Amino acid sequence: MEGTSVLAQPRQEMESAVVRFAGDSGDGMQLTGSQFTLATALAGNDLATFPDFPAEIRAPVGTTYGVSAFQINFGARTIRTAGDAVDVLVAMNPAALKVNRSDLKPGALIIVDTGAFNAKNFAKAHYAADPLEDGSLDAYRILRVDMSSATEKAVESHGLTKKEALRCKNMWALGLIYWMFGRDRQSTVDWLETKFGKTPQIANANIAALNAGHAYGETAELPTGVRTYSVPAAKLPAGLYRNVTGAEALAWGLVAGCKLAGLPMTFCSYPITPASQLLHLLAGAKSYGVTTFQAEDEIAAICAAIGASYAGALGITSSSGPGIALKTEALGLAISVELPLVVVNSQRGGPSTGLPTKTEQSDLFQAVYGRNGDAPLAVIASRSPHDCFEVAIEAVRLATTYMTPVMLLTDGYLANASEPWQLPSFADYQPFPVAFHSDPEGFHPFRRDPETLARVWAKPGTPGLMHRIGGIEKDYDSGNISYDPANHQRMTDTRAAKIAGIARDIPAQGVEQGSERGRLAVVGWGSTYGPISRAVANLRNAGEDVSQVHLRHIWPLPANLGELLAGYDTVLVPEMNNGQLVKLLRAEYLLPAVGLSKVSGKPFKIAELETAIHAALEGREP
Amino acid sequence: MEGTSVLAQPRQEMESAVVRFAGDSGDGMQLTGSQFTLATALAGNDLATFPDFPAEIRAPVGTTYGVSAFQINFGARTIRTAGDAVDVLVAMNPAALKVNRSDLKPGALIIVDTGAFNAKNFAKAHYAADPLEDGSLDAYRILRVDMSSATEKAVESHGLTKKEALRCKNMWALGLIYWMFGRDRQSTVDWLETKFGKTPQIANANIAALNAGHAYGETAELPTGVRTYSVPAAKLPAGLYRNVTGAEALAWGLVAGCKLAGLPMTFCSYPITPASQLLHLLAGAKSYGVTTFQAEDEIAAICAAIGASYAGALGITSSSGPGIALKTEALGLAISVELPLVVVNSQRGGPSTGLPTKTEQSDLFQAVYGRNGDAPLAVIASRSPHDCFEVAIEAVRLATTYMTPVMLLTDGYLANASEPWQLPSFADYQPFPVAFHSDPEGFHPFRRDPETLARVWAKPGTPGLMHRIGGIEKDYDSGNISYDPANHQRMTDTRAAKIAGIARDIPAQGVEQGSERGRLAVVGWGSTYGPISRAVANLRNAGEDVSQVHLRHIWPLPANLGELLAGYDTVLVPEMNNGQLVKLLRAEYLLPAVGLSKVSGKPFKIAELETAIHAALEGREP
Amino acid sequence: MNVVTPPEKLERKAKDYASDQEVRWCPGCGDYAILKAMQKTCADLALRPENTVFVSGIGCAARFPYYMSTYGFHTIHGRAPAVATGVKLANPELDVWVIGGDGDMLSIGGNHLLHVLRRNVDLNVLLFNNEIYGLTKGQYSPTSRIGTRSPSTPGGSLDAPVSAALFALGSGARFVARAVDTQQKQLPEVLKRAHGHRGASFVEIFQNCIVYNDGAFEHFTARDVVEEMQIYVEHGRPLVFGKNRDKGLRLKPGSIALEVVELGAEGPEAAGVLVHDETDRMLATLLAGLQPPLPVAIGVLYCDPAESYEHQVVGEQMAAAVEGDIDALLRRGHTWTVE
Amino acid sequence: MNVVTPPEKLERKAKDYASDQEVRWCPGCGDYAILKAMQKTCADLALRPENTVFVSGIGCAARFPYYMSTYGFHTIHGRAPAVATGVKLANPELDVWVIGGDGDMLSIGGNHLLHVLRRNVDLNVLLFNNEIYGLTKGQYSPTSRIGTRSPSTPGGSLDAPVSAALFALGSGARFVARAVDTQQKQLPEVLKRAHGHRGASFVEIFQNCIVYNDGAFEHFTARDVVEEMQIYVEHGRPLVFGKNRDKGLRLKPGSIALEVVELGAEGPEAAGVLVHDETDRMLATLLAGLQPPLPVAIGVLYCDPAESYEHQVVGEQMAAAVEGDIDALLRRGHTWTVE
Ligand SMILES: Cc1ncc(C[n+]2csc(CCOP(=O)(O)OP(=O)(O)O)c2C)c(N)n1
Ligand SMILES: Cc1ncc(C[n+]2csc(CCOP(=O)(O)OP(=O)(O)O)c2C)c(N)n1
Ligand code: SF4
Ligand code: SF4
Ligand SMILES: [Mg+2]
Ligand SMILES: [Mg+2]
């Protein structure tokens, strides 16, 4: 095929671009992606990334279910999601091509390692014929490079085994992409040198591959349509930034929250995808005085957390759907004895084991309603990776101020997605120190603060406050067991009033974009924030009267929410579930809100939302 | 005090009367009550009874928390509840008087055993002084009898120990009440003779006491105001009757249901109040081919039930709030693998351990919404003791027809309350035999019936149908594990559609009393049926435009319900919880239904409902 | 466990450890005797009530904390060991006792018991074994003997019971003891040993449920048979029992089992009677397995301390509040500045 | 267990028991070897696929049922023994195998394992012990050795592991065996013994997780040490091992422990080497407790059958449909007629 040099051509400017690196689990695509992310951040772009791991630990090489991918969306404007569709796909083998092809933009550029495109791998990927030859990809631009041998050649001089040499392939590909988007290689060079400090040979080989990939772009004769791009820096507020995943921000937020409360943290959990990362991250925070406990199961985990809170630490437990389900009974105990507790639910596809590695928002009902008895608690949700930090602090504040369990909802997408975060200064956060009760005068364990209705927190070890608590109904005035009918009514009302009262202690619901009243409000919660924001922004730019309202507090709902939503002709509630928040809003406000549900284990695409909003504006079923 | 003989006086006719027997756990009040119930049924009255056991197994003699009571409401008209307030209280000791006094009608008759009214017992009941003397009971009529010594005297000749003799006290009291209401003693005499067949001495002593109590009434000079009554027989439909508790009817209904389905029953449970009775009753039904299994905990119980259903029996599990909470995760599995399962929840006071021996309806949210993921199942509720029979059969029908878990909600009141039941003939019930799949042709485990969307039930042991199922999402077309986004959406929609479709297979919602549209509908579910029926009947007799709608099917709701309820100006929803069904109705129909909640561990009183309905009619907050 | 400092060591009476709540067990229930023994033990050890915590599950036994004047937490069925683990992780200084019945700890709670023993959390775990579910009115339990007739097994139970002590040993417990509710001399001694052992101390207390399983242990606890049917083992002492202390236990020659020998005039040693070594797990296993007609072993069967879990995790004192530079935490790894 | 009737007993091949699903364990995972051994076992026993059921929890090990051409139920984490109990209660004729990892069966599922063993439900319980949580990416498990570094224990684990075999014995198991994933001669033999035992058969299979805990068992499974570091026990055979079968196990004089003796020319008996008696629970306990430098005991440590639970409850065949006169049921006790 005829090629023309690109040297002449200037870089084509793009406002934003979506690149996806895809290959075998062993190909190091996640590393490649995070290196590109870093270089892109340093280049001043706004960005969002999302990794897509295989469900299997280490599936056989070359299989479709063994494909690991990393997607980044970066731009000169604010970036809200990892991107609907891909501009540039790097496919290290046929399986990677097969799995990711459906997400390509028309005319997208596909860069393939022809070294891996052989009969054996076609078979593993269940390709009847070579997809590069059967014309099935005519709609795209394809760059064929034998990265394998190119890499081997590049690292020749470093005396690696063939196996080791081929492991540098991802750096070769990264070099090429760096060239294509005019990125600086230095940050990756530094990283390689520290990572392989003990084996300079490996470090140098990788660097060589990186440079070779870059050089290839500069010198090789590339087919028409393959060119270089520039994505100018975004206008971001000045300040210090880092890249952060939701899991990281959540872990740090819990640590920060406990410091603001002046409490020790006892984090009790049982591993489960996608919640385990929180356990891992906090296990690494021992130096901050965090105690972590891997319990024998989720029930033991929440019970240990309750025991820790009873003893005067902040008990925190974390899991995902099935594990949260197991905590249900114990959650009732925490509600009944009114101890602070933070329960983090990293939602995943359900029901049952469902889709452990896929994201979903289908545990809202369980969080708000899913217990025996009238058992109210507070529920809050984070909207973006870095928002997890704020929400974690809020969870600690509510739990300790109101002596109540707080359910914090996040999801598999937020846990793994990353975005740049303008780092706050901890000094700007208002402490909310806990005052343990110590005065025996007129003490009983269910004495309440008249304002918050929170009971006193009297911890064992305090002289003169010895008392007994439990899950049987308690007398309002003494805390002793009581079977009295009127007292049960009073305690039930009080438990409900205490949680309802939180509405007075949270900000009034604001409007993210658009006017305070109008034709249509798109009401969301949790990780749908990114795509909703972009979709609404796009439609507003197109002149549509659309507003965005995004909830952090799910229960209780902000005091002004009903009134606010009443101001719109139509309220559309997109959720990654079969319609849960929408039911809550309808029940609370008798509001004819309409749901838009997506239950595919994948986040909403901006386009899907735009279509639905258009439909809603035209009064059609979304 | 001056007394006049009653012999002259004719019996005063009453349309209905409420009698409560109250004494120490050891005094045999439950036996006394059930004997009076039987005699009263035989006399042709309609009736309703409710036992009130102490929370403690066997509290110290004479303590208030050791009081055991049995209440019966019987009449010449249809009886709906055990009665708001008591006409005649039999108090065997001061504690019994103290605990039950608040439930007396003004001017009620109190019969006390003065033999037990002594300083020791006043102290145990925390009475400062003798309540019979301090004028605190002036509002009532009091009959003082030293039943203890009267009984001792009566059984003298039978050579019993003092302890044994005093055990006959309850029969003495029963004899007196028989006299008062003109009941025949024969049924009790027969019962005593069979019960103490092996110890005729005891039998005869008890009979002697019974007769002595009766004779006392006939001969003794009784104080003014103490007289005899007659409660004429009710006009009940002709037929064969028995007295039945909800627990009994439920057990028999499950057995009947399995016979109609042609299935073995594997009942797996873990003891918990008030659900244990079901386990006990079914453990006694081995001769009907029922297998019962007391598991190590509630999780094992539901899992064993699921295993049994997988193997081709009908798995049934039963518990109460905290135990149901523990079953949450496994319920998700049953929903995901689409196996039939009946889960009985005998609701009790919550949250947490709550009030184990008190009744409540606060697990509706848990039943409908309380799971991770979008996990729909069918929920039905029984309204009265004998209705448990019908509802149990319906639960088995839905579970097997739709290959789904069904949650059957009953409560502590229904479990223990009893009422006369006109016995149906089993031949009148339509069988719904299960057809296990056996044809390997085109088989896969998630092949569905196009009508019901139920998957095929292929049990191990069937040649050619070997297959694997599990809690991970399954491919719609093969049943194999699938992580495909579109497939997950399709399966989620299908699971929801299958349950929603049940609405086509249940009767349209009818109106119990009143017109199909009008000023006010009182919408209830479960055990509030009795008091609501009576309250609505009373108000309708008083000319009010009130209708009663009572739900059996909670999820899905009957297809016509929204339309039906839209026909009333106001919809009032009384519940023994903090407002759960009312939220469901508001969310489903955007209906401004108002809740009336009572969370005291006790059923609604008719008067409470009448007041609330009046308020609602006048447009005031109930 | 809190070390009682001298000034603290003022005289304490058993009744100082009784709460103001009315005790609501059935008259004649073995739980009363255990409560008495516990209050005496607390007094003898002069435990500081404010540093003492009783954590229980659900059941008649689990009502225990309400009757102590210390801190108490009546949790949920089966989970007391897990809750207590959290208490110790937050504050290892607390003196924590875990109370539960055979259903609470061996039916629904068996897994937590296993793990608390395996981890060796510094708790005193007291299992009140009445071989029945008392609170729920008499269903059989995992320790009920085969053939037990109960509301849920009207025809008699079919499944073999688990031995609490053998289960504890199999789970890796480092302190396993046994006592009888009414034996007010031995029970407090055993409780003191449990308290003195740093790590998970497991004590099975045979407790009579007078209402639903009366006399379950008569065959080795009745006054007239106790000396012949019980052997109270003490470390370093020969395994001797009998009214006249004239019987002993020795290894049956050529096998791994115990048998009874009559002591001759030359005494235990000559008769090959074993000397109790509480650090010998196998001997403890043999003793725990003794069943009538052999005498039932009571006392400290096994005690071989190892460092306790929470002391390794958090040390000796109440876990300190979270501290450290949060800004530094957020700035770990790569950061960049946007001007 | 289904008795294979002669006509049925046609030739079956291992591959006949392989399902059509792609096996998705990591290349080199020990689970492959176990799958192979299981399929061979099924073929050797000519099991009827339609009467064979594999029930598992969640974990890498628990993926097992998908790869067998029999009936299979991949349930939820830790609950497989409970689900399998229900399967047997409904249909005792089925041949049910329970599969799970060390986390599945000893962490979250420990209680169900205890009770299924105690009840002696007729199941073959195979615990794939890789001493790690594989599926969740490498956290330590209750069988991980002290000091195990994992994502949840970056500083090394602190709590003592539980011994699966000792736990099973303490729980009252009546069949306890051990095998190694890659030992394709012994593993099928052990599986056949487990299958042949009527009642709960517990088999611990040491399984190598090549990704998160590679080489965990090298010290007694590596080719070069296997003969010295393993002893394969067989009922009625002397406890001899070693490359030259020149070592044996005997009771250490004056104690209740095993020790190694060199066999003299006169052979095992002379050297006081014990003969394995698989009905001796104490010997099994001693063998299960052997740890390096002593050899690890592999094979059937204990087998002492007793009637199984579900056969006593429901008998031999599929439970019959509910039958009997419902009208009579409703009319039990007192009834009366209203004219
Ligand atoms: C989750 C849950 N399941 C079941 C129960 C009912 N329950 C309370 S105590 C108990 C068992 C009582 O037996 P045991 O533990 O031996 O204590 P005991 O009453 O004999 O002292 C049961 C089944 C409960 N309260 N909670
Ligand atoms: C209720 C619940 N809790 C936690 C998990 C997450 N989880 C799946 S498998 C597993 C443990 C895996 O270890 P193991 O049982 O030893 O099996 P292996 O993967 O090592 O074979 C865990 C914690 C889950 N799926 N469900
Ligand atoms: S039921 Fe038994 S264990 Fe419970 S309090 Fe009564 S005697 Fe004691
Ligand atoms: S993670 Fe370990 S146990 Fe799981 S499949 Fe891979 S190698 Fe096997
Ligand atoms: Mg008990
Ligand atoms: Mg494992």
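All values below were derived from every heavy atom in this structure, side-chain atoms included, with hydrogens, water molecules and symmetry-related copies excluded. All values reported here derive from a predicted model rather than from experimental measurement.
Contact annotation for B/E248: neither backbone nor side-chain heavy atoms come within less than 4.5 Å of a heavy atom of chain D. B/L254 does not touch chain D: none of its heavy atoms, backbone or side chain, sits under 4.5 Å away. Heavy atoms closer than 4.5 Å to chain B are found in the side chain of D/M318, but not in its backbone. Only the side chain of B/I481 has a heavy atom closer than 4.5 Å to any heavy atom of chain D. Of the two parts of D/Y309, only the side chain, counted from C-beta on, holds a non-hydrogen atom closer than 4.5 Å to a non-hydrogen atom of chain B. With a 4.5 angstrom heavy-atom cutoff, B/L423 touches chain D via backbone and side-chain atoms both. Looking at B/Y429, neither its backbone nor its side chain comes within 4.5 Å of chain D, counting heavy atoms on both sides. For D/A62, no part lies near chain B; criterion is any non-hydrogen pair under 4.5 Å. Of the two parts of D/T75, the backbone and the side chain both hold a non-hydrogen atom closer than 4.5 Å to a non-hydrogen atom of chain B. With a 4.5 angstrom heavy-atom cutoff, B/V337 touches chain D only via side-chain atoms. For B/A249, no part lies under 4.5 angstrom from a heavy atom of chain D. For B/W421, the part lying under 4.5 angstrom from a heavy atom of chain D is the side chain only.
A 4.5 Å side-chain heavy-atom check between B/M466 and D/P49 finds at least one atom pair inside the cut-off. In this structure the side chain of B/I469 reaches within 4.5 angstrom of the side chain of D/F73, judged on heavy atoms. No side-chain heavy atom of D/E50 sits under 4.5 Å from any side-chain heavy atom of B/T462. By the 4.5 Å heavy-atom criterion applied to side chains, D/V313 and B/F293 are not counted as neighbours. With a 4.5 Å cut-off on side-chain heavy atoms, B/N480 and D/Y66 do not count as touching.
Each of B/F426, B/Y288, B/W252, B/F389 has some count of heavy-atom pairs under 4.5 Å with chain D, and the biggest count is that of B/Y288. Most heavy-atom pairs under 4.5 Å with chain B, from the set D/R118, D/R79, D/R119, D/H77: that is D/R119. For the set B/L236, B/V290, B/L465, B/N243, the entry with the most heavy-atom pairs within less than 4.5 Å of chain D is B/L465. Note: D/T70 leads D/V314, D/T70, D/N91 in heavy-atom pairs under 4.5 Å with chain B. Per-residue heavy-atom pair counts under 4.5 Å with chain B were compared for D/L89, D/V87, D/I58, and the maximum is reached by D/V87. Between chain D and the residues B/D297, B/V244, B/L260, B/I306, the largest count of heavy-atom pairs under 4.5 Å involves B/D297. Highest contact tally toward chain D, considering only B/T291, B/T266, B/I302, B/L263, is held by B/L263 [criterion: heavy-atom pairs under 4.5 Å]. In terms of heavy-atom pairs under 4.5 Å with chain D, the best-connected choice from B/A295, B/G470, B/G461, B/A300 is B/G461.
Closest non-hydrogen pair, D/A319 versus B/P264, comes out as O-CG, 3.2 Å. Of all heavy-atom pairs spanning B/K459 and D/Y71, the tightest one is O-OH, 3.4 Å. The shortest non-hydrogen separation linking B/G289 to D/V322 is O-CG2, 4.4 Å. Nearest heavy-atom pair across B/C303 and D/I76 is SG-CD1, 4.3 Å. Heavy-atom minimum distance, B/G262 versus D/A321: O-CB, 3.5 Å. Of all heavy-atom pairs spanning D/L94 and B/P460, the tightest one is CD1-CB, 3.7 Å.
Side-chain N or O atoms of B/R468 include none that pairs as donor or acceptor with a backbone N or O of D/Y67 at under 3.5 Å. The closest donor-acceptor contact from the side chain of B/K259 to the backbone of D/G324 lies under 3.5 Å. Not a single donor-acceptor pair under 3.5 Å links the side chain of B/Y310 to the backbone N or O of D/G86.
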If you look only at distance, which donor and acceptor atoms sit under 3.5 Å apart when one is on a side chain in residues 329-339 of chain D and the other is two or more places apart or in another chain?
unit_1: D/R331; atom_1: NH1; unit_2: D/D327; atom_2: O; d: 3.1
unit_1: D/R331; atom_1: NH1; unit_2: D/D327; atom_2: OD1; d: 3.4
unit_1: D/R331; atom_1: NH2; unit_2: B/P424; atom_2: O; d: 3.0

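Between B/I393 atom CD1 and D/I326 atom CD1 the span is 8.5 Å, to the nearest 0.5 Å. Atom OG of B/S287 and atom CD of D/E323 lie 10.0 Å apart (nearest 0.5 Å).
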